[in-house]
Number of protein chains: 2
Amino acid sequence: MTQDGSEPAEALSATDRVVDVLRGRILEGTLSPGAALRETSVATELDVSRNTLREALRLLTSEGLVTQAPNKGASVKAFTASEVRDIYRTRRVLEVQAATESAVADESRFTAMETAVAAKERAEQARLWREAGTASLRFHQALIAVLGSCRLNEFFRTLLAQLRLAWAESCDEERFQRGWAARDRELFELLRQGLRAQSVGVLLLYLEDSERQVLDGLRRARAAPHQARTETGAHGVAPLEHTPRGE
Amino acid sequence: MTQDGSEPAEALSATDRVVDVLRGRILEGTLSPGAALRETSVATELDVSRNTLREALRLLTSEGLVTQAPNKGASVKAFTASEVRDIYRTRRVLEVQAATESAVADESRFTAMETAVAAKERAEQARLWREAGTASLRFHQALIAVLGSCRLNEFFRTLLAQLRLAWAESCDEERFQRGWAARDRELFELLRQGLRAQSVGVLLLYLEDSERQVLDGLRRARAAPHQARTETGAHGVAPLEHTPRGE
DNA sequence: ATGGAAATATTGTTGAACAATCAGGCTTCT
DNA sequence: AGAAGCCTGATTGTTCAACAATATTTCCAT
């Protein structure tokens with residue numbers, strides 16, 4: 001509503017709007033991991049009915065950004081170490097495949113990646129850490145795009161959103177993002193040159209280091225609760241593992 | 001409610017129950033592709049409120065089994081050819097990787113696959129075509145499991161559910177399933193022997209043939225509408241492409 | 001303090017309501 | 001007859017108020 005009135009194209013439903021707003025707040029850090037999402041308060045704040053809000057929460061839960069425990073309500077997802085590992089395992093599968101396939105990819109794919117990498121470098125220079133994180137994710141998203149599948153793109157998008165959230169908990173952005181622009185650049189250049197084996201090797205190291213960093217940060221954050229959480233403490237609270245039907 | 005009362009363990013919410021029931025009906029074919037899901041009628045039939053039903057529909061939409069057009073309501077998803085291709089593209093990425101990795105997989109993974117393949121053979125023998133289809137999907141699900149990622153498993157599950165639905169539209173089960181047990185078996189044996197290159201080769205052919213068959217069936221079904229659809233015809237009705245933000 | 005009971009808050013679910021939009025039939029005009 | 005428009009009934013999008021069931025907090029008596 002108060003967004004940009006330029007394009008009247010999209011007439012989002014109330015639910016969709018709420019999903020967007022909440023997703024935005026979660027990813028941008030306004031809503032910290034573990035924070036409770038009380039139905040009435042959020043609903044009145046966003047000026048929608050409790051029913052609509054509930055739909056939105058359900059959707060966000062299915063995106064993996066929110067957890068819902070029966071009769072106890074919803075809260076911003078706080079990832080466990082094992083979940084973070086799962087996310088990286090998934091990334092490895094997809095990105096390695098993408099790196100391999102990128103050797104025969106269209107040139108336009110590379111310009112998309114290049115754009116993201118350049119953005120990341122600028123952001124790091126300017127010390128806009130959150131921005132830097134986003135750019136990095138965009139680079140990897142562009143990498144996945146070479147696989148040419150909508151479904152995969154969409155899936156990867158939700159995956160990275162989860163990772164973004166995990167980052168949010170694990171540490172302060174600066175220490176977290178500093179120095180990664182160079183590694184993104186390195187990886188990108190190898191990909192562009194079509195050096196499969198090398199690309200994959202570098203990629204695996206990249207992911208391994210990144211994973212370790214997140215896990216360390218998470219461990220540290222859990223050990224010494226950074227700062228008072230908005231509501232529900234994110235401390236010893238076992239974040240209610242969602243039923244893992246598979247695996 | 002009238003299910004099996006053996007395990008009182010799971011206390012599903014109303015929404016979850018509705019999702020399960022509808023998903024079941026869609027995959028089992030009771031609800032054909034293109035069929036309209038009128039809110040009031042479905043809600044009263046399942047004995048829940050319209051609000052609850054709406055939550056369920058939203059969820060099913062996010063699973064890709066239902067489409068919702070603004071102000072026009074929900075209907076069982078009818079896949080386009082290009083979507084089917086997208087599904088297979090995704091399968092290729094994941095299954096090829098899984099086949100590769102299966103060479104170093106735990107023995108227990110193979111027993112899971114073996115079970116599914118055997119079930120498929122029995123089903124084909126007994127001419128239980130739908131059962132056969134399910135077994136085949138279970139085999140491929142088990143293959144993906146070697147990648148060891150919950151998220152990937154879950155994603156693949158929804159992917160195969162979509163494919164199941166696409167099959168439903170594309171043809172009668174018999175012609176569709178006959179003969180595939182042998183190919184599943186062939187693939188499985190190669191995997192078990194750890195012959196990477198050969199496995200991948202056979203797998204790619206398998207997927208290519210399967211894709212072609214589905215696309216042919218779909219074309220045929222569209223050309224000569226099999227039988228009167230429950231409600232909304234699934235004929236020339238452009239099934240309202242869901243916004244493809246990515247790709 | 002400590003266990004437990006009463007009070008309060010929150011969730012799960014429903015039913016009814018109403019404006020906005022859609023689908024089909026009917027009228028009317030050319 | 002055929003096209004343009006209008007009316008009407010269905011259906012969706014969204015809200016509100018209610019109530020039972022389940023947490024959480026408060027408070028009291030021991």
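In this text the structure is predicted, and so the values were computed from the model without any measurement.
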**Message:** In whole Å, I'd like the distance from the CZ atom of A:Arg38 to the P atom of C:dT11.
**Reply:** 6 Å
**B:Phe155: ring-ring contact (aromatic ring centres under 6.0 Å, His included) partners, not counting sequence neighbours** = A:Phe155
**Message:** Test your reading of the model: is there a side-chain donor-acceptor pair from A:Asn51 to the backbone of B:Asn51, 3.5 Å cut-off?
**Reply:** no
**Distance in angstrom units between B:Asp16 CG and C:dT11 P, rounded** = 17 Å
**Asked** Taking NZ, NE, NH1 and NH2 as the nitrogens, is one of them in B:Arg85 or B:Glu211 under 4.0 Å from a carboxylate oxygen of the other?
**Response** no
Strictly under 3.5 Å: I want the nitrogen or oxygen pairs between protein and nucleotides 13-17 of chain D, one per line.
residue : atom : partner : partner atom : Å
D:dG13  : OP1  : B:Asn71 : N            : 3.1
D:dG13  : OP2  : B:Arg54 : NH2          : 2.5
D:dG13  : O5'  : B:Arg54 : NH2          : 3.2
D:dG13  : N7   : B:Arg50 : NH2          : 3.4
D:dG13  : O6   : B:Arg50 : NH2          : 2.8
D:dT14  : OP1  : A:Ala14 : N            : 2.7
D:dT14  : O4   : B:Arg50 : NH2          : 3.0
D:dT15  : OP2  : A:Ser49 : N            : 3.2
D:dT15  : OP2  : A:Ser49 : OG           : 3.3
D:dT15  : OP2  : A:Thr52 : OG1          : 2.3
D:dC16  : N4   : A:Asn51 : ND2          : 2.6

**N/O donor-acceptor pair under 3.5 Å between B:Ser136 side chain and B:Ala132 backbone** = no
**Message:** Using the salt bridge (Lys or Arg N to Asp or Glu O under 4.0 Å) criterion, which residues pair with B:Arg91? Sequence neighbours excluded.
**Reply:** B:Glu95
